[in-house]
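Keep in mind that the numbers below use all heavy atoms, side chains included, and drop hydrogens, waters and symmetry copies. One-based numbering along the sequence shown. As the structure is a prediction and not an experimental result, all values here were calculated from the model.
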Amino acid sequence: MAIEVKIPSMGESITSGVLAKWHVKGSDIVKKDQLLFELETDKITSESTAESAGKIFLKVEPGTEVKIGQVVAIIDETTIASAGDPDHTTEVKGEAKATQKSNAQSPAVRRLAAESSIDPASIEGSGKGGRVTKGDILAAAEKAPATPLADSMPDLMPDLAAASKHAAPVATGDRHIVTKMTKLRQTIADRLVATQHEAAMLTTFNECDMSAVIELRKKHQADFTQKNGVKLGFMSFFTKAVVYALKEVPRINARIDNDAIVQNRYYDISIAVSVDKGLMVPVIRDCDSLSMASIEKAIGDAAKKACDGKITLADLESGVFTITNGGIFGSMLSTPIINAPQSAILGLHAISERPVAVNGQVVIRPMMYLALSYDHRLIDGKEAVTFLIKVKQAIEDPYYLFILAWPWLTLLLSTSSSSAQVPAAMSVLFAPRSSVWKSP
């Protein structure tokens, strides 16, 4: 029986895409759920797998623009079914297994495996159909003593690459290599240019002392990791600080819709993630009610999906505010561009030890520059500066954040005559129960 391989539906707004890359060759024997191709659209990049086993015949070349529902390959199931003798059956199954083993990994997984000197064939995959995922490679690398992983910013994924390898060169010379832009990259470029043309974008800056957060992470990291199975990173602190600041300055949590102002009353925060195909901004839902552990897990899961090409439209929609961290690449200062239709974006930068004045004395502290870009049509300078100061206060004194954001904690502390109760109350907040993070 012949099975048609079609371009899957990806939402009403997507009608076409580019078949960026085949992970199989014509006449290969494929297994059910084996990765077949990558599809790039103007919004997301996704992967498609085989619905059944058999010999595959390709009908379009990589780099071809295809329509939703278009047949791009045929799988002949009779190839395996008609293999009557045991020796031939074993050979066919072995060929299918070898094909899947060499082609199942995504480009990000293969690249990370090469960088870590990890052989994917030696790893038991945890993905669909036994696929080796990026998380499997990272886990294997952690166990390898010769290749320890950096832990300076555990809350975000590392830089994978600056350029996509899916687009085939269209012109090559001794001095130039010209490649065609992917649809995703084109859309990113168009949106960034449109934002700068349509919004009255302005950026305000401040700096914050990271000493308290660094000390807090150091003190609670072991217990936090043991209880929650995930490390306590910086991003969960900044996410909570942003939610607190949005509540204090509601105008930041709004957007312009034609001649109307839409005031959001929820806190879905977009987190920028760098992948080889471009910058993705998956959304972490209801951050006001999530625990620190839940935020860390959600960010890790979103980054993994982005790197593995599993991001869907639903993962990118309804964000009210974006946090982007150029500091993981060493950026000292930048002016991030607003993620439309949102009205503001917070840029984080590298932590560096600098001399600062504290109580009339010069001391060395780990400092970070913060940059808030905002739409001046909606947000005034006073509101933008106030928002940034609230974030700064929350990071420089996390206890201050927790006490002001959760009045029940203030009541708990007011009943105690000892300030020693503060760390105890903090340990409650680190618990994996999301209910303790909800404002009364």
Side-chain angles (χ1 to χ4, degrees), residues 115 149-163 188-189 192-193 195-196 199 201-218 231-242 245 252 269-276 278-281 299 303 306 321-339 342-358 361-376 379 381 384-398 401:
E115 293 173 355
L149 295 178
D151 186 36
S152 58
M153 290 292 279
D155 48 292
L156 284 181
M157 302 301 289
D159 184 24
L160 297 178
I188 292 173
L192 293 177
V193 172
T195 297
Q196 290 188 308
M201 197 173 74
L202 186 63
T203 304
T204 185
F205 303 94
N206 211 319
E207 64 177 355
C208 65
D209 186 343
M210 298 294 293
S211 299
V213 168
I214 291 174
E215 181 62 27
L216 198 58
R217 290 180 67 234
K218 181 179 179 180
K231 291 183 179 179
L232 177 61
F234 292 106
M235 285 302 295
S236 54
F237 285 95
F238 276 104
T239 302
K240 283 297 181 182
V242 162
I252 307 292
I269 306 301
S270 304
I271 305 294
V273 178
S274 178
V275 297
D276 56 349
L279 194 65
M280 309 290 287
V281 279
I299 291 175
F321 185 93
T322 296
I323 304 174
T324 179
N325 187 1
I328 60 174
F329 308 122
S331 172
M332 178 181 178
L333 195 61
S334 67
T335 55
I337 299 176
I338 298 169
N339 179 23
Q342 299 172 14
S343 297
I345 179 173
L346 178 66
L348 311 181
H349 299 89
I351 302 173
S352 60
E353 292 190 343
R354 298 198 298 270
V356 295
V358 178
Q361 295 186 347
V362 177
V363 296
I364 304 299
R365 293 290 176 84
M367 304 297 293
M368 174 192 285
Y369 286 120
L370 305 177
L372 179 73
S373 293
Y374 59 98
D375 190 344
H376 211 343
I379 301 167
V385 172
T386 301
F387 177 90
L388 209 50
I389 289 176
K390 294 297 181 182
V391 172
K392 171 184 170 71
Q393 290 174 338
I395 295 300
E396 291 189 339
D397 189 355
L401 165 64

* Where the side chain of Lys392 meets the backbone of Glu207, is there a donor-acceptor pair that is under 3.5 Å apart? -> yes

* Structure fact -> Partner of Phe234 under side-chain contact (heavy atoms from CB on, under 4.5 Å), picked from Ile395, Asn325, Ile351, is Ile351

* **Which residues share a side-chain contact (heavy atoms from CB on, under 4.5 Å) with Val356, sequence neighbours left out** => Val358, Val363, Arg365, Met367

* Please list, chain by chain and in numerical order, all residues satisfying side chain to side chain donor-acceptor pair (under 3.5 Å) with Glu215, sequence neighbours excluded. => none

* **Inter-residue atom distance Ile214.CD1 - Phe237.CZ, 0.5 Å rounding** => 10.5 Å

* With respect to Ser373, which candidate in Thr204, Ile337, Ile345 satisfies the side-chain contact (heavy atoms from CB on, under 4.5 Å) definition? -> Ile345

* Asked: Is any side-chain heavy atom of Leu216 less than 4.5 Å from a side-chain heavy atom of Leu232?
  -> no

* Who are the side chain to side chain donor-acceptor pair (under 3.5 Å) partners of Ser211, not counting sequence neighbours? -> Asp209

* Listed partners of Ala371 passing side-chain contact (heavy atoms from CB on, under 4.5 Å), at least two apart -> Thr203, Phe205, Pro336, His349

* Structure fact -> Residues passing the ring pair (Phe, Tyr, Trp, His ring centres under 6.0 Å) test with Phe238, sequence neighbours excluded, are none

* With sequence neighbours left out, what residues match Ser270 under side chain to side chain donor-acceptor pair (under 3.5 Å)? -> Gln342

* Structure fact -> Ile338 and Tyr374 have their tightest heavy-atom pair at CD1-C, 3.5 Å

* Asked: For Ala384 and Leu372, which heavy atoms make the closest approach, and how far apart are they?
  -> O-CD2, 3.5 Å

